[in-house]
2 protein chains.
Amino acid sequence: MDEILALLRADGGRITPARRAVAEILVGGEEHLSAEDIAGRIQGALPDVSVSTVYRCLEALEKLGVVEHVHLGHGPSRYHLADRHHVHLLCRACGQLIELPPDALDGLGERLDADHGFALEPRHFALLGTCANCRG
Amino acid sequence: MDEILALLRADGGRITPARRAVAEILVGGEEHLSAEDIAGRIQGALPDVSVSTVYRCLEALEKLGVVEHVHLGHGPSRYHLADRHHVHLLCRACGQLIELPPDALDGLGERLDADHGFALEPRHFALLGTCANCRG
DNA sequence: TTCGATGCAAATAGTTTGCATTCTA
DNA sequence: TAGAATGCAAACTATTTGCATCGAA
């Protein structure tokens, strides 16, 4: 938490209640939160942080490498601390999210690198499919 | 093309100029077209097919299994005939799209099935990363 | 006191929906 | 001519931006 604030400051940024609150939510550990979710959590204590401010805070934190977002199929982007990533499986039928260890796609990544010079970022998107329950 | 129209008819649907036009575009072979793209192509001949009609045509064709769409990172969904799929690599930096054979992720799919009962649909989303050019 | 951050409203992109109208079968 | 499909406008979701104002350093 202190590190995050220090990074913001080091970048010439300022520590505002909104930024502190966004950082706290993320450090709090709840995963897969959308910007809207985060705004909702914050608005208990700070009733008029706007969603756009949350987006701007997240953008600032992402630029510093503190935060990352994941695309889960259709819905909004989900944000989390950069050091808490993993690979996601998302069921298209029921929306269930399965987490895999971050190195789950390392083999694939190496193959794509060797064959196409492509640096896979396997934690930046979910793998879509159908979960065991929904497969009938 | 005739097969597609027959399927629509068999489903109790009707063959309209708009549907015929959407099907023709897709059969035409151009890949990675968004709904907006398709509407644009059609509007040459049929000036007032609305984008919503295109979405509804695509929805109908998708329900029949004729069409599929792919999520390419941020942008709009891209539509193509269901039998023309492949795996996509998308460069987050320059947007370049690399196509892999449809079975490129079969190994991964089998592993996820065995380990989690998860049926991967590896052609329904792009794998994000950075292409050889953009890696500096 | 300065310039970065915020709030709010409005713009944007992509997609969906309501409803009266049109046209296929 | 019944009901499926369309056109248009409006609603919606996710996100971004403009601009005047506020406040951290």
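All values reported here derive from a predicted model rather than from experimental measurement. Proteins come first, then strands; the chains are lettered A, B, ... in the order of their sequence lines, and each starts at number 1.
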Any donor-acceptor N/O pair under 3.5 Å between dC23(C) base and Arg14(B) side chain: no
Base of dG4(C) paired with side chain of Arg56(A) (donor-acceptor, under 3.5 Å): no
Just the rounded figure in Å: distance from [atom2] of [N] to [atom1] of [X].
X	N	atom1	atom2	result
Asp48(B)	dT6(D)	CG	C1'	10 Å
Arg19(B)	dA4(D)	CZ	C1'	8 Å
Leu72(B)	dT15(C)	CG	P	11 Å
Glu36(B)	dT12(C)	CD	C1'	12 Å
Glu59(A)	dT6(C)	CD	C1'	14 Å
Ile38(B)	dG14(C)	CD1	P	14 Å
Asp11(A)	dA24(D)	CG	P	19 Å
Arg9(B)	dA5(D)	CZ	P	12 Å

Side chains of His74(A) and His71(B), donor plus acceptor under 3.5 Å: yes
Sugar-phosphate, base or nothing in reach of Val51(B), heavy atoms under 4.0 Å: nothing
Sugar-phosphate, base or nothing in reach of Ser50(A), heavy atoms under 4.0 Å: base
Donor-acceptor contact below 3.5 Å, side chain Asp37(A) vs main chain Ser34(A): yes
Exam field: side chain Glu68(A) to backbone His80(A), donor-acceptor pair closer than 3.5 Å: no
Contact nearer the 5' end of DNA chain C, comparing His71(B) with Cys57(A): Cys57(A)
DNA chain C: 5'-proximal contact among Gly75(B) and Pro17(B) (nearest heavy atom): Gly75(B)
Please check the phosphate of [N] (OP1 and OP2 only) for any side-chain N or O of [X] closer than 4.0 Å.
X	N	answer
Thr53(A)	dG7(C)	yes
Ser34(A)	dA14(D)	no
Tyr55(A)	dT16(D)	no

Position toward the 5' end of DNA chain D (nearest nucleotide), Gly13(B) or His74(B): Gly13(B)
Selection from dA24(D), dC8(D), dT15(D) that lies nearest to any side-chain heavy atom of Thr16(A): dA24(D)
Closest to the Ser52(A) side chain, choosing from dT16(D), dA25(C), dC8(D): dT16(D)
Minimum heavy-atom distance Ile15(B)-Leu5(B), with the two atoms named: CD1-O, 3.5 Å
Step-by-step salt bridge (Lys or Arg N to Asp or Glu O under 4.0 Å) determination, Glu121(B) to Arg92(A): CA-CA 9 Å; Glu121(B) 298 169 41; Arg92(A) 290 178 69 191; 2.5 Å; yes
